[in-house]
Enquirer: 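Okay, handing you the structure first.
Numbers restart at 1 for each chain; the letters A, B, ... are given by sequence-line order, proteins then strands. Remember, it's a predicted structure, so these values are computed and weren't measured experimentally.
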There are 2 protein chains.
Amino acid sequence: MEQRKSDAPAEPLSKERLRLWLKLLKASSLIEDELRRRLRADFDWTLPRFDVMSALARTPDGLRMSEISKQLRVSNGNVTVIVDKLVKEGLALRVAVPDDRRAQLVQLTPQGQTIFAEHAGVHEAWVDEMLGGLNADDIDGMILRLDHLTKSLEG
Amino acid sequence: MEQRKSDAPAEPLSKERLRLWLKLLKASSLIEDELRRRLRADFDWTLPRFDVMSALARTPDGLRMSEISKQLRVSNGNVTVIVDKLVKEGLALRVAVPDDRRAQLVQLTPQGQTIFAEHAGVHEAWVDEMLGGLNADDIDGMILRLDHLTKSLEG
DNA sequence: TTCAAAATGTTTAAGCTTGAAATAAATAAA
DNA sequence: TTTATTTATTTCAAGCTTAAACATTTTGAA
């Protein structure tokens, strides 16, 4: 870790933050674009679709529409369209909520679970390949700092 | 397959990489969404528009359409639409390239430069505020590792 | 009870983005 | 020269996303 002059003024830190943001955005976009491209080329899936199925796969009991849109930070209307398609293809189904006739739970069908498991495995291998240039120290260091950042952003 | 320390099997590192990617994506999306929201609310600007003007501001001599789309990793057609609007609003102009009648340089007008400078200052303050939770060590550590990552992604 | 406010989802209109096709100009090959 | 290929850009159709408007149900206060 390099040392800083104790009298380092405030302005450079602000410039460094901007630099950091541009680098963060670039790395994230590079990965996201490539994942999106492969998902489309290999499976004819969109990234939001993968994300919705991923959220559903983590919660076998099902999620409400609003819970999905909140988790993925995507509009409600968007989730409606994606889930409609999943249902039409037999990968998900809507289940009534006993206590609340407005709401409904969305669950993966067994077929949806099977297909997602396959795709998720390939997806994980892609990420592993793309981030392969990082060693264990890089990974831990970034996770640590990203946790700081996200915490301060959400707090 | 290469040998590994008995206490460090291959799987955990792969899982860590996936965890890192999810955290990277989350932090990046949080910041990007908020910037987009503020840009729209305060200036009625889109983020791609800001990005195009930013690229042009860095190169006073002007950029070709294809150079813009390459820098921003955005489709050519998209750049056409954005530049059309900038030109219509008097913030940018198209200049013929002497040697090549297919191409044209896009430059910011003086008005475009002035307006962008104002917005860029506000934008930088937003970023500074959002990343304010990070100390100098966090920033340096992340920049270092993001450079590793981007280099390995592009290489 | 009764009615206003809040919550859950869906629909719709508008804007954004992409990829493919089209146009036009420059370059290379025969 | 003539033809084919490559390069630069625009146009267009299709899909994605959002925000706002809408319909329905639940909650809570008078």
Side-chain angles (χ1 to χ4, degrees), chain A residues 29-30 32-53 55-56 62-89 92-107, chain B residues 29-30 32-53 55-56 62-89 92-107:
Chain A
S29 300
L30 278 174
E32 187 174 346
D33 290 352
E34 178 64 13
L35 285 178
R36 199 185 297 273
R37 196 189 62 72
R38 292 190 187 189
L39 217 44
R40 181 179 193 82
D42 289 12
F43 302 143
D44 199 24
W45 271 20
T46 63
L47 193 50
R49 180 199 189 93
F50 182 85
D51 292 339
V52 166
M53 291 195 73
L56 294 176
L63 288 170
R64 294 185 176 203
M65 301 295 285
S66 53
E67 289 172 332
I68 297 174
S69 73
K70 197 167 121 194
Q71 267 194 37
L72 305 187
R73 296 194 307 285
V74 153
S75 71
N76 251 333
N78 201 350
V79 173
T80 296
V81 175
I82 294 169
V83 170
D84 278 352
K85 286 182 189 164
L86 291 178
V87 169
K88 194 170 294 177
E89 295 175 27
L93 47 85
R94 298 179 208 248
V95 181
V97 175
D99 305 341
D100 190 339
R101 279 194 294 165
R102 295 169 306 180
Q104 43 198 327
L105 286 175
V106 184
Q107 297 175 334
Chain B
S29 300
L30 279 174
E32 188 174 346
D33 290 351
E34 178 64 13
L35 285 178
R36 201 185 294 273
R37 197 190 62 71
R38 292 190 187 188
L39 217 45
R40 180 179 193 82
D42 290 12
F43 303 143
D44 199 24
W45 271 21
T46 64
L47 192 51
R49 179 198 189 95
F50 182 86
D51 292 339
V52 167
M53 293 195 72
L56 293 176
L63 288 170
R64 294 185 177 204
M65 301 296 285
S66 53
E67 288 172 333
I68 297 174
S69 74
K70 196 168 122 193
Q71 267 195 36
L72 306 186
R73 295 194 307 286
V74 153
S75 72
N76 254 331
N78 202 351
V79 174
T80 296
V81 175
I82 294 169
V83 170
D84 278 352
K85 286 183 189 161
L86 291 178
V87 169
K88 194 171 294 175
E89 294 174 29
L93 46 85
R94 297 178 207 248
V95 180
V97 175
D99 305 342
D100 190 338
R101 281 194 293 165
R102 295 169 307 179
Q104 44 197 328
L105 286 175
V106 184
Q107 297 175 335

Enquirer: Nearest heavy atom decides the nucleotide; on that basis, is B:Arg102 or B:Met65 closer to the 5' end of DNA chain D?
Expert: B:Arg102
Enquirer: Atom CZ of A:Arg101 to atom C1' of D:dT27: distance rounded to whole Å?
Expert: 15 Å
Enquirer: Choosing from C:dT17, C:dC16, C:dT10, which nucleotide comes nearest the side chain of B:Lys85?
Expert: C:dC16
Enquirer: Expressed in angstrom and rounded to an integer, what is the separation of A:Lys88 atom NZ from C:dT10 atom P?
Expert: 13 Å
Enquirer: Using whole Å, report how far CZ of B:Arg40 lies from C1' of D:dA20.
Expert: 12 Å
Enquirer: If you check the A:Ala103 side chain, which of C:dT8, D:dA8, C:dG19 turns out closest?
Expert: C:dT8
Enquirer: Looking only at side-chain atoms of B:Thr46, point me to the closest of C:dT10, D:dT10, C:dC16.
Expert: C:dC16
Enquirer: Would you mind telling me which residue lines up with the more 5' stretch of DNA chain D, B:Asp84 or B:Asp100, judged by nearest nucleotide?
Expert: B:Asp100
Enquirer: Rounded to the nearest 0.5 Å, what separation is found between the CD atom of A:Glu34 and the CZ atom of A:Arg37?
Expert: 4.0 Å
Enquirer: Could you give the CG-to-P distance, from A:Asp33 to C:dG19, as a whole number of Å?
Expert: 9 Å
Enquirer: Grab the two heavy atoms, one from B:Gly62 and one from B:Gln107, that are nearest each other, plus how far apart they are.
Expert: CA-CG, 3.6 Å
Enquirer: Whom does D:dT26 pair with, Watson-Crick or G-U wobble, provided both distances fall under 3.5 Å?
Expert: C:dA5
Enquirer: Within the 4.0 Å heavy-atom criterion, would you say A:Ser66 contacts the bases, only the backbone, or no part of the nucleic acid?
Expert: sugar-phosphate
Enquirer: Can you tell me how far C1' of C:dT8 sits from CZ of A:Arg94, to the nearest Å?
Expert: 12 Å
Enquirer: Within this structure, what is the CZ-to-C1' distance between A:Arg64 and C:dT10, rounded to whole angstrom?
Expert: 16 Å
Enquirer: Between atom CG in B:Asp44 and atom P in C:dA14, what is the gap in whole Å?
Expert: 16 Å
Enquirer: Please report the shortest heavy-atom distance between A:Met65 and A:Val106, naming the atom on each side.
Expert: SD-CG2, 3.6 Å
Enquirer: Which part of the nucleic acid, if any, lies within contact of A:Val74, taking any heavy atom under 4.0 Å across all strands shown: a base, the sugar-phosphate backbone alone, or nothing?
Expert: sugar-phosphate
Enquirer: Does B:Arg40 CZ have over 12 foreign heavy atoms under 6.0 Å away?
Expert: no
Enquirer: Output the rounded distance in Å from CD (B:Glu32) to C1' (C:dT17).
Expert: 13 Å
Enquirer: How long is the gap from CZ on B:Arg49 to CG on B:Leu39, to the nearest 0.5 Å?
Expert: 9.5 Å
Enquirer: Which of these nucleotides, D:dT17, D:dA8, C:dG9, is closest to any side-chain atom of A:Asn78?
Expert: D:dT17
